[in-house]
A.B. asks: 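Sharing a structure, written as structure tokens. Questions coming.
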Amino acid sequence: MKSALNLRLLALALAIAGALPASAADTVPTNRPWLDARLGADQRATLALQAMTQQEKLGWVMGWFGNDFAGKKRNPAALPLSAGYIAGVPRLGLPALFETDAGLGVASQAGKTPRERTSLPSGLATAATWDRKLAYSGGAMIGAEARASGFNVMLAGGVNLLREPRNGRNFEYAGEDPLLTSTMVAQQIKGIQSNHVIATMKHFAVNDQETGRFILDSRIDDASNRMSDLLAFQLVLEQADPGSVMCAYNRLNGAYACESDYLLNQVLKKDWGFKGYVMSDWGAVHSTVASANSGLDQQSAWEFDKSQYFGNALEEAVANGHVPQARLDNMVFRILRTMFDKGVVDHPVTEGGAIDFAAHALVSRSDAEDGMVLLKNAGSVLPLKAGAKKIVVIGAHADVGVLAGGGSSLVYPVGGSAVTGIAPTTWPGPVVYHPSSPLKAIQARAPGARVVYLDGLDAAAAASAAADADVVLVFAQQWIGEALDAVSLSLPDNQDALIAAVAKANPKTVVVLETAGPVLMPWLDQSAAVLQAWYAGTSGGEAIARVLFGEVNPSGRLPATYPASASQLPRPVLDGDPKDEKTRFAVTYHEGAAIGYKWFDLKGLKPLFPFGHGLSYTQFAYTGLAASQKDGKLQLRFKVTNTGAVKGKDVPQLYVAPQGAKWEAPKRLAGWDKVELAPGESTEVSVTVDPRLLATYDSRSKSWRVVKGSYKVLLARSAADAGAASINVVLEARTFKP
Ligand code: BGC
């Protein structure tokens, strides 16, 4: 009674204060005013919170798994084979939260009848497009499938930087550079959330390898972190406003990420002003009081943890004052606020919505095509010429499909996997191939040619079949999945020997790489061309063939440096022992913010292929690089012209190198654009540089500092390009937050 009266008084007060038009106040359902969509998310969350009992509050902060797990049966209210579920409060008209993985599409936990959905190419492929619009449309597409499948929370928005090329989850993320990663993931999150589905920025933070992920301690100093891993998260937060953040498995400088006051309270909520809620990764909670007071708002899928830390234990901790009631209220407020803010309450999801798979396959195909990186193209062997009589296709099950990465992000293909039974068949498997056959797509484009397929298991047989071919296409693959790291940077299963044998038999050998990320290429000099096709997703076979035949001019650029050898890396040998999941250890990120190309620049190392590299079937020229400064912001502009004979897309890149100031590395990516131009056509590009990319972070004052002086701006084709053009700009000293 008392609270109903309070609510009515509050609604009246708001109307009097002018926060609501009088007519709106008239129609506010007096018993459920938080359902009035004309109120702001903060007001609605406050009103709903006031109406909740303590038990209802506690219900919001602990989630359930959507599958049987470790002897525990699935909560029947969860969607089957889903990642998670949080009970709603029907009495108050507040819906449950239904959670699904993840970044490549609607995934399913292992089970007999997984959902079959559209898969985007890998996160690295999307990052390699450097195309904001494609990242957005991919996000919008998978968000629509999530909604149609009955989910209102998508655990997508993987922001971890590629510090470690062997990291088994690199394919879920967006590369090594904070600006590129944040720009692309922010667009994906915006696309997802355009469906009134909450997106999740993860795994916060410095969860940069899988080996020992539950026990390792990531060590890095605050300033370096703020200029690298944390900067990527911060920029995503500012650009996309994700509803939730998932804290990671690992510890950071000693404290578990999900009970790190520094990460959750200080950095995320205080310094950056995050208004959403923090959920734990599955099995990342280790305490009640420390987690709650350090800023964790929701325990995900408690079945993965040792205990229902945010169940009875939290109730007790609040009752005896170890966790303030205000803290519990804030946890619930954050969740409710996000639900109102992202439209989850006003646009309820229902299972069984229609999905236009044909249209979605095209969204995935555009992403895959634009993400393919033509690494090498000697003698313009590509695009493939019409009139070939014999084309030999070898390896990687290219006769039937394209490889997918394993783990929670795996999207089960419509129609099932093209290949079954390959180990591991259980988590983080099964090994899945999307049934989009490169071979069929190639044959369809070469009607006059005899297209022969060999599985590549017998290198000698492959070489002899290749010898008299007009062109040979060797598909090489590297399967990897969550919870694993690559054991080395080399292609597995003797594929290097296969490629070398084939290339020796026929110099017109084109290698198509279906890898998670960077690999070594000892056969590079012998091969004619190399196309990085990543995990190419639902329409991968078509996308590969379209690029090979020039229907699509390749325009991907590497989102990560390809080392020439593991000895060039900050950690030539990966820390930890994949077989030992008990003995705690630390990984010291001594390279600090000098990740990827920055490390290579700093150490003067020559990579196999640099960050930003990628060839085209046409050429582009850059002119007129000029700079101006407005309101303390550096603006750069220049002109790009397609000087070749075919239409194509280019990614001109701007790097800034301080002449006096000391940064973590000689230069940083400061901006880029992706432009499409017909032969002879030009366009003006203008880029505004985020001031943080011109500054260093000072931990003591918690501020960014630009040092007065001269800075060189390079307009380049990659991080190793000396610059098609360069100018010097003078920046004034400046200090700012956050
Ligand atoms: C992964 C998360 C994922 C969750 C739910 C965890 O193992 O680290 O990325 O969202 O499982 O499947």
Side-chain angles (χ1 to χ4, degrees), residues 62-70 72 74-75 78-86 97-111 114-115 117 122-123 142-143 146 149 151-160 167-174 185 188-189 192 197-216 218 233 242-251 256-258 277-286 296 298-305 405-412 426-429 480-485 581:
M62 195 190 75
W64 306 73
F65 190 40
N67 207 4
D68 299 347
F69 185 76
K72 297 165 199 120
R74 166 173 75 90
N75 181 327
L79 290 175
L81 306 184
S82 72
Y85 164 77
I86 290 94
L97 293 175
F98 296 96
E99 299 171 324
T100 182
D101 285 304
L104 315 187
V106 178
S108 276
Q109 301 291 330
R115 285 168 196 80
R117 294 292 183 266
S122 69
I142 63 173
S149 310
F151 294 105
N152 49 19
V153 181
M154 210 168 193
L155 308 173
V159 187
N160 299 93
N167 178 1
R169 296 189 86 174
N170 282 336
F171 77 91
E172 296 185 51
Y173 305 141
V185 180
Q188 181 189 46
I189 287 177
I192 293 170
V197 168
I198 296 168
T200 312
M201 181 165 88
K202 70 185 187 185
H203 307 87
F204 193 59
V206 204
N207 184 177
D208 294 346
Q209 71 171 48
E210 288 296 281
T211 305
R213 64 179 180 166
F214 298 112
I215 48 173
L216 77 79
S218 297
F233 281 102
S244 62
V245 167
M246 186 189 288
C247 50
Y249 286 128
N250 54 286
R251 286 174 291 146
Y256 280 112
C258 291
Y277 66 99
V278 178
M279 68 164 84
S280 59
D281 200 345
W282 276 225
V285 187
H286 302 270
L296 178 65
Q298 189 176 68
Q299 178 184 14
S300 306
W302 70 268
E303 297 90 329
F304 282 67
D305 293 315
S408 61
S409 70
L410 174 70
V411 179
Y412 284 80
T426 55
W427 171 265
I480 197 78
E482 181 182 339
L484 305 171
D485 289 323
E581 290 181 357

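Atoms within a ligand are numbered from 1 in the order they appear, just like the ligands themselves. Fair warning: this is a prediction, and the values are worked out from it, not measured in the lab. Note that the numbering runs from 1 along the sequence shown for the chain. When reading the values below, keep in mind they use all heavy atoms of this one structure, side chains included, and skip hydrogens, waters and symmetry mates.
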A.B. asks: For Phe214, check side chain to side chain contact (heavy atoms under 4.5 Å, CB included) against everything at least two apart and list the hits.
C.D. replies: Tyr249

A.B. asks: Please enumerate all residues that pass salt bridge (Lys or Arg N to Asp or Glu O under 4.0 Å) together with Arg115, with sequence neighbours excluded.
C.D. replies: none

A.B. asks: Counting N and O atoms only, with roles assigned by atom type, does the side chain of Glu210 sit under 3.5 Å from a partner on the main chain of Leu484, one being a donor and the other an acceptor?
C.D. replies: no

A.B. asks: Does Phe151 have any ring pair (Phe, Tyr, Trp, His ring centres under 6.0 Å) partners at least two apart in sequence or in another chain, and if so, which?
C.D. replies: none

A.B. asks: Give me the pairs of N or O atoms, one from ligand 1 and one from the protein, that sit under 3.5 Å apart.
C.D. replies:
from	atom 1	to	atom 2	distance (Å)
ligand 1	7 (O)	Tyr249	OH	2.8
ligand 1	7 (O)	Glu482	OE2	2.7
ligand 1	8 (O)	Arg169	NH1	2.7
ligand 1	8 (O)	Asp281	OD1	3.2
ligand 1	8 (O)	Asp281	OD2	2.7
ligand 1	8 (O)	Glu482	OE2	3.3
ligand 1	9 (O)	Arg169	NH2	2.8
ligand 1	9 (O)	Lys202	NZ	2.9
ligand 1	9 (O)	His203	NE2	2.7
ligand 1	10 (O)	Asp101	OD1	2.6
ligand 1	10 (O)	Lys202	NZ	3.1
ligand 1	12 (O)	Asp101	OD2	2.5
ligand 1	12 (O)	Gln109	NE2	3.3

A.B. asks: Tell me if a side-chain donor or acceptor on Glu303 pairs with a main-chain N or O of Phe65 at a distance below 3.5 Å.
C.D. replies: yes

A.B. asks: Ignoring hydrogens and angles, tell me if any N or O in the side chain of Asp101 forms a donor-acceptor pair with the backbone of Ala107 under 3.5 Å.
C.D. replies: no

